[in-house]
Protein chains: 2
Amino acid sequence: MNIYDIAKEAGVSIATVSRVLNNKGTVSAATRARVEAILKQNNYTPSAIARGMVSKSMRTVAVLTVDIRVPHYARTAYTIEREFSRRGYEVILCNTGGDRAETLRYLQAVNQKQVDGIVLVGSVFDTICQGAEMEKLLSGVPVVLANGKLDLPNAYSVTVDDKYGVSLAVEHLVARGRKNIYYIKDRDTDSAKSKRDGFLEAMRRNGLEFADHVLEAGETLASGIVCGEDLTAAGALKALLRAGLRVPEQVAVVGFNNSDYAHLCEPVLTSIDNKPEQVALLCVQLLESSIERSEAYSSVVLQPELAQGETS
Amino acid sequence: MNIYDIAKEAGVSIATVSRVLNNKGTVSAATRARVEAILKQNNYTPSAIARGMVSKSMRTVAVLTVDIRVPHYARTAYTIEREFSRRGYEVILCNTGGDRAETLRYLQAVNQKQVDGIVLVGSVFDTICQGAEMEKLLSGVPVVLANGKLDLPNAYSVTVDDKYGVSLAVEHLVARGRKNIYYIKDRDTDSAKSKRDGFLEAMRRNGLEFADHVLEAGETLASGIVCGEDLTAAGALKALLRAGLRVPEQVAVVGFNNSDYAHLCEPVLTSIDNKPEQVALLCVQLLESSIERSEAYSSVVLQPELAQGETS
DNA sequence: CTGAAAGCGCTTACAG
DNA sequence: CTGAAAGCGCTTACAG
């Protein structure tokens, strides 16, 4: 059942049907009523593909992330999807695994489908998306990076100051009298490096040497451990408890992301809240403005906060 | 840059360009080489929308779930996305929140976009997708439910026997000498009901009365708690530990899903593994067969397994 | 082996 | 207020 069938049944031209469908132009009340009745009667649905053919838009955006199973990405992608859905767009999900070749494949696919915009979630993408080939694929559409930066005229970024986040953790531990403070780093993304830098700077600022001795069970310590991920912190906490150390009495632990993982720990992890929902919302707003009004916006940096738990 | 531009530059007709693009029909080696050169030179990408217009397919499927932030759904959706990506399809993600109106909105949207198939992830959808309106939207496309059943000719289902899963947990606790066994139920989906039924049946089978007394701190118990979700079990575990009870010495705890939550717990939760990756893979295989060959397959039921942890 | 033409289902100037 | 026609960018019989 297409627009021609409706036009025939209603005894009007397809142009008129299109007008009532889109509430555009002028249609007499009588004609409109007749067409609408036929429309309802036949449960007509316009083809988004045919519309896309003329408008060159399917009202679809692509979200590329590393792995949706990682809670932090899930929270970000969730909010992006919900917000775009409210605005009348569908979201294509791509789990790239942080792999360059896969990212390229996905970008080619969504390029052929002429998505209206692309959201890149994760700091891996600043590294991955280098090179002429990538830039060509990213240059035709509005792009926004969550937690990353890309040097393209049509790309915006929403970042959280990870470095500041880790320094918050250090200052917090210092304020609570911890002397030997350690940092556990994982992965090797730009974000992970910023965190490490934040740690080292905050340590220097507080005149603390980088301690490298071993934690010994039973020893009464005024130690603190800062981790770049809640999952790492949860692992550290588990190891400490198994080794018979008391947390936070002997050792304090601070995680990063303020995720469910943090809340599940016993005791509950103190963590750095890096506000994925806010990041996601800003990404959507930037991208939408860029799509609908092709306006130029500046990129945004958010400040994380410390979420006090029981491990510090 | 479209197929007409290419044809002009190559001095051939658009039909010939289309032939080399799709490796269909016959093209002389010389012509093919010339066209391919022009194609490469201009970095030509065919429009998937225009192709969709004639093939009536955008090679896209929709995945409707409750909330991608729930790890179990994330694992399922992840695998579905990866498997479809390998097969040349893009995946539209929809977080319905388990809400009927939202589900309807999403189904209308993906219906207009003429997706090739729909995957419904979660047992809520058997209830939600009742009614003429829903069935009409679901009748035009191949549909597969993960963890649910739908009485439509074009709908398949891949389910895990949740009831059996919970009974596994009960038998396990009985075998370890637990006498007072409790079940903590959450939510109110079909799946949650099956789990409760599985519990009650297994209890009866073992001649155990349904205990309803209160756990008291300090009391030496031979008790066991079965939970319908790992998150619930993690909460129960936390509460037990805070109340000064020892797990598993005094109370055993068994969760459901064998998720990261289970592994993060200290001690690690014993849990029921309901194999979301296997479910997802089967969903994709069923849906793909249904799309590509419009073959009729029967629905599948998987058996969960007990994953031994340290809380039982 | 190759091209002209129709068709996919819409929207949108342009006339009237 | 309404309709005829062109156009969006492809694929696919059908001729030759």
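Just so you know, these numbers come straight off a predicted model, no measurement behind them.
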Side chain to side chain contact (heavy atoms under 4.5 Å, CB included) against B:Thr127, all qualifying residues, sequence neighbours excluded: B:Asp190
D:dC1 OP1/OP2 closer than 4.0 Å to side-chain N/O of A:Thr31: no
5'-to-3' dot-bracket of DNA chain D (Watson-Crick, G-U; under 3.5 angstrom; crossing pairs as [ ]; | other strand): |||.||||||||.|||
Closest non-hydrogen atom pair between B:Asn257 and B:Asn274, with its separation: OD1-ND2, 3.0 Å
Donor-acceptor side-chain pairing of B:Tyr89 and B:Thr60 below 3.5 angstrom: no
Pairs touching residues 106-119 of chain B that satisfy salt bridge (Lys or Arg N to Asp or Glu O under 4.0 Å), sequence neighbours left out: A:Glu90-B:Lys113
Tell me, do [X] and [Y] make a side-chain contact under 4.5 Å, heavy atoms counted?
X: B:Glu81; Y: A:Ile68; value: no
X: A:Ser299; Y: A:Lys149; value: no
X: B:Leu145; Y: B:Val158; value: no
X: B:Phe84; Y: B:Leu287; value: yes

Sugar-phosphate, base or nothing in reach of B:Thr26, heavy atoms under 4.0 Å: base
Strand-adjacent residues in residues 34-43 of chain B, judged by heavy atoms under 4.0 Å from DNA chain C: none
List the atom pairs, donor and acceptor, that lie under 3.5 Å between side-chain atoms in residues 35-43 of chain B and the rest of the protein, sequence neighbours left out.
residue: B:Asn42; atom: ND2; partner: B:Ile38; partner atom: O; Å: 2.7

Salt-bridge present (B:Arg82, A:Glu102; N to O < 4.0 Å): yes
Contact letters for nucleotides 3-13 of chain C, in which S counts primed atoms plus P, OP1 and OP2 and B counts the base, heavy atoms under 4.0 Å: BB---BBBBBB
